[in-house]
Amino acid sequence: MITGKYPNLRLRRNRKESWTRRLVQENTLSPNDFILPIFLIDGSNKKESISTMPGVFRYTINRVSQIVDKAIKKGIPMVALFPKTKNTLKNDLGTESLNENNLVCRAILEIKKKYKNQIGIMCDVALDPYTSHSHDGLIKSNQIINDETIEVLINQSLLQAEMGCDVLAPSDMMDGRIGKIRKALDSSNFKNTQILSYAAKYASSFYGPFRDAVGSKSSLKGDKKTYQMDFRNSDEAMREVALDIKEGADMIMVKPGMPYLDIIKSIKEKFKIPVLAYQVSGEYSLLETAINKKLIQKNAVYESLVSFKRSGANAIVSYYADRIDKILE
Ligand code: PBG
């Protein structure tokens with residue numbers, strides 16, 4: 001790197017006025033950079049607030065178009081659907097995940113009927129919203145059983161693809177699931193259904209408000225450390241990503257977001273694949289409550305979102321996406 005020397009070189013010169021700061025700006029944000037998560041609930045005509053996530057709501061199917069409409073008007077390219085399954089529908093095997101009348105399936109149909117391809121739909125592939133133990137996979141003798149779980153995930157994937165889901169996002173962290181899901185999609189005529197692999201997903205303490213939002217918090221037995229990654233590791237993330245790319249992943253998710261900017265950067269540099277960052281529920285709630293309490297300035301949100309772009313992310317899953325116009329102002 002060539003640099004000069006003070007006093008010939010004064011880096012403050014390029015920052016002296018707004019116009020020159022704008023001129024040398026390296027990273028910017030646009031609505032195209034965002035994915036909006038949407039929480040779904042059963043019932044009719046409800047928009048329910050979530051105490052742990054101020055400003056975020058759960059929607060019934062007949063009100064989901066309200067929020068999707070907003071996303072389309074603001075230029076957001078994709079929404080991500082997350083169901084809060086009724087406890088009475090949960091069981092050890094997560095069979096509600098394969099019910100074509102479940103919340104996610106009904107929401108996909110509703111959105112696609114109304115908006116066609118004006119907006120993309122992404123759905124998680126994992127069992128935690130459907131299992132009574134709230135784990136992402138099936139359990140046998142106290143172990144999350146990998147290969148048997150994949151068989152269910154394949155069927156969940158095929159069902160969601162059939163309903164019209166555009167992007168399947170396996171967030172379960174089972175070994176080998178991307179390849180098997182890709183193969184099943186291809187042989188069932190879903191060659192164009194994209195796979196966004198949560199390849200670098202960490203066993204994190206930042207997911208609390210999300211688990212509250214989907215109603216899996218109190219029922220979760222133990223932790224997810226035998227399948228989600230140890231947050232002390234980064235080489236392991238590169239191995240996960242390399243495998244998933246080989247198996248057919250179109251895009252990679254890093255999750256959580258802000259504490260893992262180094263992982264985003266390394267994946268981008270090494271693999272040159274679309275990398276998405278998930279600014280998770282805990283990050284959202286921290287920012288939002290601190291802003292509401294006036295502990296930090298509002299613009300902290302914009303700053304946090306730009307950090308993802310700076311680290312190399314192509315797009316960001318953020319609970320702020322529905323308010324992105326105000327944030328970019
Ligand atoms: C489930 C899933 C989780 C999140 C997205 N998909 C929680 C978990 O793994 O326990 C968390 C998202 C957030 O915290 O915003 N596989």
Side-chain angles (χ1 to χ4, degrees), residues 34-40 50-58 78-85 90 94 96-97 103-104 122-139 144 146 149-150 152-153 156-157 160 165 167-174 177-178 181 195-231 240 252-260 276-289 304-305 308 316-322:
F34 289 90
I35 297 162
L36 174 68
I38 298 176
F39 293 112
L40 306 166
I50 302 165
S51 61
T52 50
M53 300 184 78
V56 179
F57 302 87
R58 304 182 187 97
M78 182 160 80
V79 292
L81 304 177
F82 296 103
K84 182 180 191 227
T85 308
K90 292 185 182 182
E96 178 65 7
S97 63
L103 281 170
V104 167
M122 158 188 157
C123 296
D124 258 34
V125 177
L127 301 182
D128 57 303
Y130 308 104
T131 49
S132 38
H133 44 69
S134 293
H135 277 288
D136 296 33
L138 304 176
I139 302 182
I144 308 293
N146 195 87
T149 296
I150 294 178
V152 187
L153 298 180
Q156 185 186 20
S157 300
Q160 293 181 154
C165 172
V167 178
L168 291 167
S171 64
D172 56 290
M173 289 298 281
M174 296 301 116
R177 86 281 204 218
I178 299 297
I181 291 172
I195 296 182
L196 160 57
S197 173
Y198 286 80
K201 176 166 179 178
Y202 287 87
S204 168
S205 297
F206 285 92
Y207 303 147
F210 173 94
R211 290 179 187 168
D212 185 42
V214 301
S216 68
K217 196 178 199 162
S218 51
S219 45
L220 177 63
K221 296 203 172 71
D223 55 51
K224 301 191 175 184
K225 288 181 187 166
T226 70
Y227 46 107
Q228 299 179 349
M229 266 191 296
D230 186 331
F231 54 77
E240 285 284 359
I252 296 297
M253 182 86 83
V254 176
K255 180 176 164 202
M258 249 206 331
Y260 298 87
L276 277 58
Y278 200 137
Q279 183 184 50
V280 300
S281 56
E283 300 174 60
Y284 171 84
S285 297
L286 271 174
L287 280 167
E288 196 56 15
T289 33
S304 74
L305 295 170
F308 294 118
I316 307 151
V317 184
S318 171
Y319 299 98
Y320 282 110
D322 61 326

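Start at 1 with the first residue, then count along the sequence. Just follow the structure's listing: the first ligand is 1, and inside any ligand the first atom is 1. Here the structure is a predicted model, which is why all the values come from computation and not from measurement.
Atom CZ of Phe206 sits in a sparse spot, with 12 or fewer heavy atoms from other residues, nucleotides or ligands closer than 6.0 Å.
For the ligand labelled ligand 1, residue Glu283 lies outside the 4.0 Å heavy-atom shell. Every heavy atom of Tyr284 sits 4.0 Å or more from the atoms of ligand 1.
Here the shortest heavy-atom distance to atom 13 (C) of ligand 1, taken over Phe206, Tyr227, Phe82, Phe210, belongs to Phe210. Between Gln228, Lys224, Lys255, it is Lys255 that holds the heavy atom closest to atom 4 (C) of ligand 1. Taking all heavy atoms of Lys201, Lys217, Arg211 into account, the minimum distance to atom 9 (O) of ligand 1 is reached by Lys201.
Considering only non-hydrogen protein atoms, atom 6 (N) of ligand 1 sits nearest to Asp124 OD2, 2.9 Å. Protein heavy atom nearest atom 1 (C) of ligand 1, with residue, atom name and distance: Asp128 OD2, 2.9 Å. Nearest non-hydrogen protein atom to atom 14 (O) of ligand 1 is Ser281 OG, 2.7 Å.
In the vicinity of Tyr319, heavy-atom distances shorter than 4.0 Å reach the ligand 1 atoms 12 (C), 13 (C), 15 (O). Distances below 4.0 Å separate heavy atoms of Ser171 from the following atoms of ligand 1: 1 (C), 16 (N).
A donor-acceptor distance shorter than 3.5 angstrom exists from the side chain of Gln156 to the backbone of Ala126, with no hydrogens or angles considered. With hydrogens and angles disregarded, a donor-acceptor distance shorter than 3.5 Å links the side chain of Asp223 to the backbone of Lys225. Of the possible donor and acceptor atoms, one in the side chain of Thr85 sits under 3.5 Å from a partner among the backbone N and O of Pro129.
Residue-level proximity to ligand 1 for Asp136 is carried by the side chain, the only part with a heavy atom below 4.0 angstrom.
The shortest N or O to N or O distance between Tyr198 and ligand 1 is not below 3.5 Å.
Residue Val125 comes nearest to Ile181 through the heavy atom pair CG1-CD1, 4.2 Å, listed as atom of the first residue, atom of the second, then distance. Between Ala213 and Met53, the shortest heavy-atom contact is CB-SD, 4.3 Å.
Considering Tyr227, Tyr260, Tyr207, Tyr278 in turn, Tyr260 is the only one that fulfils the ring-ring contact (aromatic ring centres under 6.0 Å, His included) rule with Tyr202.
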Derivation of the side chain to side chain donor-acceptor pair (under 3.5 Å) call for Ser304 and Glu283 | CA-CA 10 Å; Ser304 74; Glu283 300 174 60; over 6 Å; no
